[in-house]
Amino acid sequence: MSQPVLEARAVSKHFPVRTGTGRTAVVRAVEDADLVLRPGRIVALVGESGSGKTTLARLLARFYPPTTGEIRLRGEPVQGKDRAYYRDVQLIFQDPFGSLNPLHRVRYNLDRALRLHHGIRAKAERERRMVELLERVSLTPAEQYLDKFPHELSGGQRQRVVIARALAVEPKVLLGDEPISMLDVSIRLEMLNLLDKLRTEDGLALLYITHDIASARYLCDDIVVMYAGRMVEGGPKEDVIAAPQHPYTKLLIESSPDPERGLDDRDALFDEAADDLGEPPSLIDPPAGCQFHPRCPFALDVCRTEVPPRTELPNGQWTHCWLHQEGRAGDLTAAGAARSTEKENS
Amino acid sequence: MRASRRWAFLVRRLGFYLAAAAAAVALNFLLPRLMPGDPSSAIVEELERVSGQQVPAETLMSIRAIFGNPSDNLAEQFVDYLRQLGHFDLGVSVVNFPVPVADLVWQALPWTLLLVGTTTVAAFAIGTLLGVVAGWKAGSRFDALLTPFTTFLSSVPYFWVALLALWVFGFVLGWTPLSGGYDADLPQGFSFAYAVSVLHHGALPAATIIISAFGGWLLGMRNMTVTTVREDYVLLAQAKGLSPGRVMLRYAARNAMLPSFTGFAMALGGVVGGALLTEIVFSYPGIGYLLYEALQKRDYPMMQGVFLLITLAVLLANLVADLAYVVLDPRIRARG
Amino acid sequence: MITDSALAPVSSATGAGTTVLDVRGLTVDYVTGDAPVRACDDVSFTLRRGEILGVAGESGSGKSTLITALTRLQRPPAVTTEGSIEFHPKNGAEPIDLVGLTPAELRSLRWTSLAIVLQSAMDALNPVMRVGAQFVDALRSHDKRLGRKEAWAKAAELLGMVGISADRVRSYPHELSGGMRQRASIALALACGPELVVMDEPTTAVDVVMQRQILAQVLRLRRELGFSVVFVTHDLSLLLELADRIAIMYAGRIVEIGTSAALYADPLHPYTRGLRDSFPPLRSPLRKLTGIPGTPPDLRNPPPGCPFHPRCADRFEGCDQEQPTLLTIAGHAVACRLHPSGDDRP
Amino acid sequence: PQAAKAVGDTIVHGKTDGGTTFVRNYNVLGPATDKAPNMELVYEPLLRIDYGDGAVVKPWLAESWTFGEGGKLLTVKLRDDVKFSDGKPFTVDDALYSLTLPLEKPDFSIAGITYKSVTKVDDRQLAIRFAEPAYATLTQFANILLPMVPKHVWSTQNLNTWTNPEPVGTGPFTLAEFKPQQITLKARDDYWGGKLPMSTYKIIPTSPDALKAQLLKGEVDWASNSWANGEKEYVAKDPDKHLYQLYSNGGAMSVLFNTAKAPFDDVHVRRALALTIDRTAVVTTLQRPGTEAGPTGLSDQLFADWLDPQYKGKVQKVDADAAKAELAAGGYTVEQGALVKDGKRYQPSILFNSDWSWGNYADILINTWKQTLGLEVKGAGQPSAGYYDKQNLGQFDLVAASTGGAGVYGVYNFLSSSYRQPLGKSATLNQGRWSDPQTDQVIAQMQRTDNVDQLKTLGKQLQQIVVDKVPFSPIYNNYYFVEINATRWTGWPTPENFDHIPFVGMGPDTILTLLKLQRRGN
Amino acid sequence: MRASLLTSWKVRFGLGVLGLFVLLAIFGPWINRVLLGVDPRANDIGAIASPPSTAHLLGTTQFGQDVLAQTIAGARGSMLVGVLAAGIGTLIAIAVGVPAGYFGGSVDNALNFLTNLFLVMPVLPLILIVAGYVQGTGMWVIALIIGLFGWSGGARTLRAQALSLSSRDFVLAMRMLGEPHRRLIFCEVLPHLSGWISAMFLHGMIGGVLAEAGLAFLGISDSGSISWGTMIQSAQQQSAVLRGFWWWFVPPGLCIALIGTAATLVNFGVDELSNPKLRLARRSVVARTRRAPRPATAGGETR
Ligand SMILES: Nc1ncnc2c1ncn2[C@@H]1O[C@H](COP(=O)(O)OP(=O)(O)OP(=O)(O)O)[C@@H](O)[C@H]1O
Ligand SMILES: Nc1ncnc2c1ncn2[C@@H]1O[C@H](COP(=O)(O)OP(=O)(O)OP(=O)(O)O)[C@@H](O)[C@H]1O
Ligand SMILES: [Mg+2]
Ligand SMILES: [Mg+2]
Ligand code: NI
């Protein structure tokens with residue numbers, strides 16, 4: 001496996017906030033997270049809203065320094081000027097409507113990127129590079145797009161411009177924070193295909209953040225699941241989806257719409273979800289032990305007090321769950337396997 | 001949790017107003033000292049003008065003993081100043097020497113409170129109410145006529161409206177008195193005739209302040225209502241089949257009103273300033289007229305006293321507006 | 001009245017009921033600028049008692065417009081220019097055309113017969129009123145004899161129905177979590193026992209896990225109370241699991257209506273097929289998916305003929321001229337010139 | 001508003017210059033500029049000035065006086081029938097106290113006193129000493145700012161904080177009730193000057209505009225305020241009862257030249273400018289026709305006996321040719337709106353008090369100068385404070401200022417070079433920095449005599465100097481304005497025939513007016 | 001965008017009136033001199049306080065000065081103060097509000113406190129006091145004082161806007177490219193505030209004109225120059241109101257009101273543009289939807 005380009009090692013991010021009583025508290029947005037991005041590989045980060053995905057991406061993009069832990073670029077802890085760092089790492093935002101300044105033409109965006117990072121003086125040269133960039137993101141004929149304003153472009157086209165702008169820097173790592181969730185359903189796949197192309201053609205390392213586990217499976221190589229600021233499980237995508245090793249991953253996969261499950265007995269399909277699991281925990285005052293224990297059907301006593309350590313599985317999968325430490329992983333897989341075999345047979 | 005949040009908000013606001021009051025006091029202290037000239041010299045000049053003679057050195061000394069010596073250490077002066085304020089001692093009026101400024105201010109305060117206080121509240125109420133209706137029926141003929149008209153009203157200088165009103169109602173029609181707070185030939189006191197007289201004198205100034213002030217509230221409220229009416233919860237309230245009046249008041253207006261209270265701070269200073277000018281037109285015996293006279297006669301201690309009082313009163317009114325806000329808005333967001 | 005069996009359900013999970021709603025040729029314009037925008041064009045369908053009709057379509061396809069027109073809640077500049085919405089009351093009284101009703105007449109129908117759940121519960125609940133009070137408001141305005149005490153008790157009971165504890169009636173909306181608010185607004189919709197509940201993307205703002213729980217509750221309540229649902233979303237994969245029948249909207253028109261199973265297994269319209277294939281599978285083997293090329297049309301400037309033809313891989317001569325009508329083929333209606341003749345054309 | 005309700009034996013005075021409220025401050029000797037109104041009805045001075053008689057000094061609380069030691073010693077004999085309102089008699093000790101107070105407390109010296117010491121001679125006489133002959137400055141004892149106060153009350157108080165809320169004086173009234181918007185004075189029945197026809201004197205604050213309405217309605221009997229066009233708007237409506245009177249106060253509104261500054265040190269320039277002031281236009285817009293000032297600044301009405309006959313009734317009309325001739329004589333030309341001499345350009349400005357809205361009158365002067373001489377004078381309006389500052393410091397070219405005083409000496413003595421200060425140093429008198437040996441000599445002579453004939457001769461010499469050398473140029477005469485609604489009270493003096501001016505705030509004259517009134521119809 | 005701004009009658013009317021007054025301010029003296037041939041300061045002693053007539057279209061003052069000429073001349077004085085004050089106030093508001101919102105943190109805390117402080121201070125009395133101290137100064141000082149104390153409302157708005165803008169994705173995205181803060185503020189944030197800034201400027205201008213009039217009315221202004229405020233003050237001092245010389249004080253007041261109305265209307269239009277909900281509440285829109293064809297209510301008809 002290739003060397004990691006970008007790594008997060010045991011990073012945490014705590015945001016100080018003012019609570020109602022006027023005292024300051026901290027939001028533990030990310031707690032003790034590890035992440036490795038390698039050239040030519042795509043890691044998907046899934047988790048529900050507020051689980052800290054964006055925070056982690058922004059930590060990797062050096063929007064703010066981690067509270068603890070460190071970010072390493074090519075094995076070196078990062079320091080110094082942001083601009084040098086941004087030559088290697090670029091972030092793509094969720095909202096293609098928001099990440100382009102409506103007052104600037106496409107040309108301006110690309111031009112600034114080229115000037116800032118490559119210092120190209122010659123106008124013709126920059127022009128050539130811009131056209132090239134737009135062609136790489138399949139905006140053709142490129143010349144026609146250069147002088148458009150964002151509002152003259154559709155959502156998909158805008159997101160392509162955003163990607164082109166990020167690519168202008170010639171980064172090694174691309175962080176995509178839900179890059180398709182605001183796009184129309186019908187054009188999402190094109191965007192995923194574009195990202196996939198960039199990965200294979202340019203050997204970019206990609207972080208793909210999403211809510212949608214199905215699209216994660218479509219695009220990525222590895223999946224990492226976050227819950228309430230912590231990473232609960234990760235590993236090769238098919239393994240994680242076929243055999244989730246954490247109760248939360250299991251719940252997430254089961255809750256995702258999947259028409260293939262069969263449409264015959266609809267009520268039965270939903271029935272298992274009917275029992276109320278409650279809400280995700282507050283990050284200001286997270287539950288002790290495993291964050292998931294209040295909602296976990298398998299919760300043990302130890303789950304309520306101790307943070308579960310990492311369990312590595314032979315297939316590269318890993319999880320933070322006491323079931324594994326206590327030798328009761330079977331509880332989980334038994335139920336999961338039963339279901340998935342059932343599916344395969346049908 | 002909920003209660004504590006509100007308290008926290010209030011405590012924070014109270015802290016802010018205390019800081020603002022402190023700043024106002026400091027400003028009040030510094031203003032005359034930053035400006036060219038100083039109160040002592042001013043009083044000396046006044047004396048020279050009256051007596052037509054140069055003031056002897058001894059006189060100068062004794063005046064400085066009263067009004068502070070500009071060559072004294074600033075910190076010491078400030079301590080003295082604070083000590084004086086602690087006793088509600090705003091100094092001595094120059095032109096009315098040796099009458100304390102505080103006495104004069106006390107004397108004028110009730111009139112201003114009566115006039116400005118009631119009209120500000122009335123203008124706010126009327127403006128808000130009409131604004132809700134205009135916003136609710138946005139695009140209707142009512143709105144199309146009322147809104148530009150109030151735009152006009154809100155742009156007219158207070159004193160000009162006052163002048164016009166005085167001319168039409170006081171002079172041409174003779175319905176209202178031309179000046180003063182009550183009929184001079186009535187004994188001042190708690191009698192019916194006196195009360196009627198006070199109302200008779202106050203009606204026109206009050207009306208002009210209301211006319212000049214309500215437009216601003218109306219326009220703000222109208223736009224807020226228009227925006228609020230498009231909120232989902234108003235749509236849902238209509239979907240629930242509630243009566244239009246109920247939807248308008250409990251759902252749209254109730255929410256649209258909240259920013260008005262935050263905007264109160266911005267507008268209040270202007271309204272008070274305008275009302276002060278109105279007092280001058282009507283020779284109304286309030287704080288505004290006092291300030292006018294102080295300005296005319298360069299009575300610095302008086303100017304300072306009046307300004308301090310106005311500022312503190314406005315701060316207090318803002319605090320009240322914030323209190324109202326706390327009562328009205330269950331979500332107290334963290335705000336500066 | 002012509003009974004158009006194609007537009008009626010073939011089979012329903014809860015047993016075929018009588019018609020609740022009969023929408024014919026509903027057309028809605030937004031009167032802005034010079035030319036009106038036709039956001040709902042000649043929409044017709046029938047809804048059976050107890051049925052869940054899903055409406056799917058991309059952003060801007062007119063789903064919300066349809067919903068507000070159905071409930072007669074549209075505001076300027078939206079105008080219903082044509083069509084009828086016949087509501088059949090439960091007691092077998094004469095059907096009522098909602099389009100012709102005065103606001104006062106409508107008011108008596110609202111909530112007792114016709115309720116709505118809006119997309120974002122955060123915005124749909126009045127932030128300065130206690131949750132219970134918003135129930136009481138609705139309850140007491142439709143039942144004048146109901147006492148204040150009883151109304152509050154009823155509110156608590158309704159909240160309990162969706163799994164919110166009774167002590168929450170006195171909370172303000174901002175004190176509830178997103179999922180709770182969403183459930184509260186569903187409970188609110190059911191307060192007066194409506195025959196029809198219209199839901200506009202009621203779960204897009206919550207997570208998949210919570211979404212599953214909420215939908216399970218909706219299904220359970222429908223089973224118990226027997227109301228019908230028009231459920232609008234852009235997530236076809238969810239509808240395929242949830243709805244009895246699905247209508248696909250494109251550019252303000254319904255391009256296909258059929259049962260979920262039929263639509264999944266055998267979509268007739270190229271757009272439906274494209275839409276279905278825009279959702280990568282969760283379990284079955286991955287293959288490269290392409291979505292639908294191009295972008296949805298701008299309704300201010302719709303293409304001539306079939307609005308989908310510029311993006312359609314199967315378009316042929318005439319698609320760009322002739323507007324196809326919705327025709328029924330084997331209990332499954334489609335508006336596409338690939339399927340020129342219905343088997344029971346009226 | 002109901003006039004009928006006012007009690008028959010009350011007289012109502014509408015006060016227009018006291019703001020909207022009164023302040024209960026009867027510390028009459030204190031340095032405040034705004035005190036309780038009509039204090040002259042409570043506190044009286046020793047002497048009075050008789051404007052009906054060329055502004056000569058007449059006795060009041062003093063029965064008589066004599067000068068000795070060449071005018072440096074003044075012996076005053078007090079009346080013996082005067083009682084304070086608390087029943088105590090007015091004694092020489094009270095007078096001694098009152099006159100000594102400004103000497104001992106200089107900050108209470110507000111009347112412009114010039115005496116150096118006061119001593120008691122006997123039970124009825126005081127000896128007052130001066131450094132210079134004081135014939136001409138006797139008027140200071142007629143100043144209502146130097147009244148007689150009761151020693152037994154005042155000497156026990158801290159005068160720096162005391163507001164004297166219950167004033168005790170020798171005057172005809174006592175304070176009955178003080179409301180910020182209404183003061184009621186009660187007539188004494190033991191007043192030395194006689195019994196007043198009214199029992200109550202009421203003072204109400206009002207604005208000039210409101211006053212007009214109140215006068216028309218008869219709510220106010222008496223007021224002192226100018227009413228432009230009052231003849232038409234008021235008198236004409238009921239000539240019998242509506243009285244609007246103007247009494248010359250011996251002063252005038254003048255243009256003062258800064259003679260310490262070129263080119264106004266040149267008499268030709270001063271003359272040229274004085275010749276081209278459109279006085280008629282100014283009084284026309286003032287709506288006071290016929291009040292143009294003569295070249296001497298002494299009004300015909302008041303100084304009939306003192307005025308050099310050649311100046312009587314003379315008003316300088318605009319005379320462009322003469323003015324141009326003057327400029328030429330001085331060697332000046334006007335180029336591009338500026339005065340030019342010897343290659344130097346002078347662009348004069350005229351300072352005026354914007355609080356008096358004098359800007360519009362300044363405009364008239366400026367326009368005329370521009371039309372006749374081509375000279376562009378800039379208007380430099382200043383509100384009172386800045387106006388007096390600049391004026392006193394000599395920071396002006398021309399200034400529109402009030403001139404005048406009691407008697408010929410009173411009008412002209414400010415021209416004495418003893419008051420002169422260098423530019424930039426504050427001068428409260430002689431702001432024009434006039435310095436002329438001849439003027440000084442005549443003024444000095446006037447100070448040394450109380451011989452009326454000699455004073456008249458000297459006065460004529462001064463008139464000559466003013467007309468010829470033009471240290472200042474009068475524009476229009478100033479007046480005491482009196483408005484009366486004689487519905488309830490008659491017996492008012494008229495400008496044609498008066499021995500006291502019915503102006504409120506004139507001290508003894510006010511009292512005399514009140515004493516002579518009668519209830520109408522009774 | 002520009003086109004849609006002009007579709008509103010309010011904006012068109014407002015800009016028209018403002019433009020007219022700007023022209024008047026610029027060419028006023030020329031109009032007086034050349035077109036009317038009247039000097040606003042000239043005294044026509046033959047026509048004192050005369051009502052409007054053919055000789056004096058708007059009548060004359062107590063001093064025989066032509067009211068029309070004065071009103072025209074006053075435009076310059078009033079507008080000058082208004083524009084200067086607005087300019088100064090707007091600059092301060094930008095300098096305080098934008099960094100506060102953009103940088104946040106302790107910069108924000110300090111600047112925001114300052115803003116809130118000035119916000120709750122009664123500004124007019126403060127201006128009065130300060131102007132009272134520096135009595136008798138020119139229009140520039142008056143404008144400076146008005147501007148110096150009248151920025152807080154604008155700064156508050158700009159802060160809020162800058163705050164939300166600075167966390168907008170496009171600003172973050174440009175930061176990700178390595179753009180320096182200076183450029184982010186000037187090229188990314190500020191252009192978006194131009195609508196607000198122009199609205200603030202207009203608001204400040206009305207405020208300036210009104211405040212100048214108020215100061216002049218109190219006699220604290222440059223009495224040497226003609227402004228609408230000094231005209232009203234002059235009229236007030238001559239009791240024009242009670243002598244019925246309405247033509248003297250009505251025109252200047254009306255001009256102030258007109259400018260104020262115009263500026264408010266323009267701001268209204270800008271508001272409508274930035275808040276589409278307001279645009280939908282326009283009369284034209286409502287009228288058009290009302291006029292749109294009603295659907296056939298007959299239930300039996302289908303297609
Ligand atoms: N600047 C901040 N200050 C305080 N709290 C923050 C801040 N940024 C994020 N948080 C909190 O940190 C938590 C994680 O937020 P984050 O945006 O990373 O979640 P997410 O997984 O990206 O969610 P989503 O799917 O909704 O985008 C949330 O509870 C959020 O409220
Ligand atoms: N107020 C309006 N004025 C003009 N056009 C409008 C207005 N509201 C909606 N439209 C247009 O009507 C069309 C349909 O909008 P609608 O909101 O019904 O879409 P939708 O299917 O609900 O989309 P989404 O999934 O984004 O909610 C869109 O093309 C939109 O541009
Ligand atoms: Mg996120
Ligand atoms: Mg929608
Ligand atoms: Ni305003």
Side-chain angles (χ1 to χ4, degrees), chain D residues 16 207-216 225-230 232-234 278-287 289 318 349-368 370-371 376-390 395, chain E residues 38-50 60-67 69-70 73-74 77 128 131-139 141-142 215-227 229-245 248-249:
Chain D
T16 50
S207 65
D209 290 337
L211 174 71
K212 295 174 185 173
Q214 286 164 326
L215 279 167
L216 284 165
N225 185 54
S226 91
W227 187 333
N229 212 14
K232 237 201 238 130
E233 291 171 16
Y234 182 58
D278 193 345
R279 296 174 175 79
T280 311
V282 175
V283 297
T284 312
T285 57
L286 265 176
Q287 306 206 328
V318 175
S349 66
I350 178 165
L351 175 69
F352 57 87
N353 187 334
S354 53
D355 286 353
W356 304 336
S357 64
W358 219 82
N360 294 301
Y361 305 109
D363 279 351
I364 297 179
L365 303 192
I366 292 169
N367 287 337
T368 325
K370 184 160 181 217
Q371 279 157 21
E376 280 175 25
V377 178
K378 283 210 189 65
Q382 286 282 322
S384 294
Y387 166 79
Y388 288 113
D389 279 353
K390 286 200 173 338
Q395 294 167 345
Chain E
V38 189
D39 179 351
R41 291 181 186 276
N43 309 96
D44 182 351
I45 300 304
I48 281 178
S50 64
T60 60
T61 70
Q62 170 72 42
F63 306 98
Q65 294 170 328
D66 189 78
V67 174
Q70 290 217 324
L128 287 184
Y133 273 111
V134 292
Q135 282 188 1
T137 42
M139 291 284 187
V141 178
I142 297 287
L215 288 177
F217 182 70
L218 293 179
I220 312 170
S221 186
D222 182 5
S223 52
S225 43
I226 300 176
S227 74
T230 57
M231 283 179 74
I232 297 178
Q233 186 230 6
S234 186
Q236 156 85 350
Q237 285 211 334
Q238 299 298 324
S239 298
V241 170
L242 295 191
R243 292 160 72 190
F245 303 163
W248 190 354
F249 59 88

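- Using a 4.5 Å cut-off between heavy atoms, Gln371(D) makes no contact with chain E at all.
- With rounding to the nearest 0.5 angstrom, the CD atom of Gln65(E) is 7.5 Å from the CD1 atom of Ile364(D).
- In terms of non-hydrogen atom pairs under 4.5 Å with chain E, the most contact-rich of Ile366(D), Asp363(D), Thr368(D) is Asp363(D).
- By number of non-hydrogen pairs under 4.5 angstrom with chain E, the leading residue of Leu286(D), Val282(D), Thr285(D) is Thr285(D).
- In this structure, OG1 in Thr230(E) is found 9.0 Å from CG in Asn360(D), a value given to the nearest 0.5 Å.
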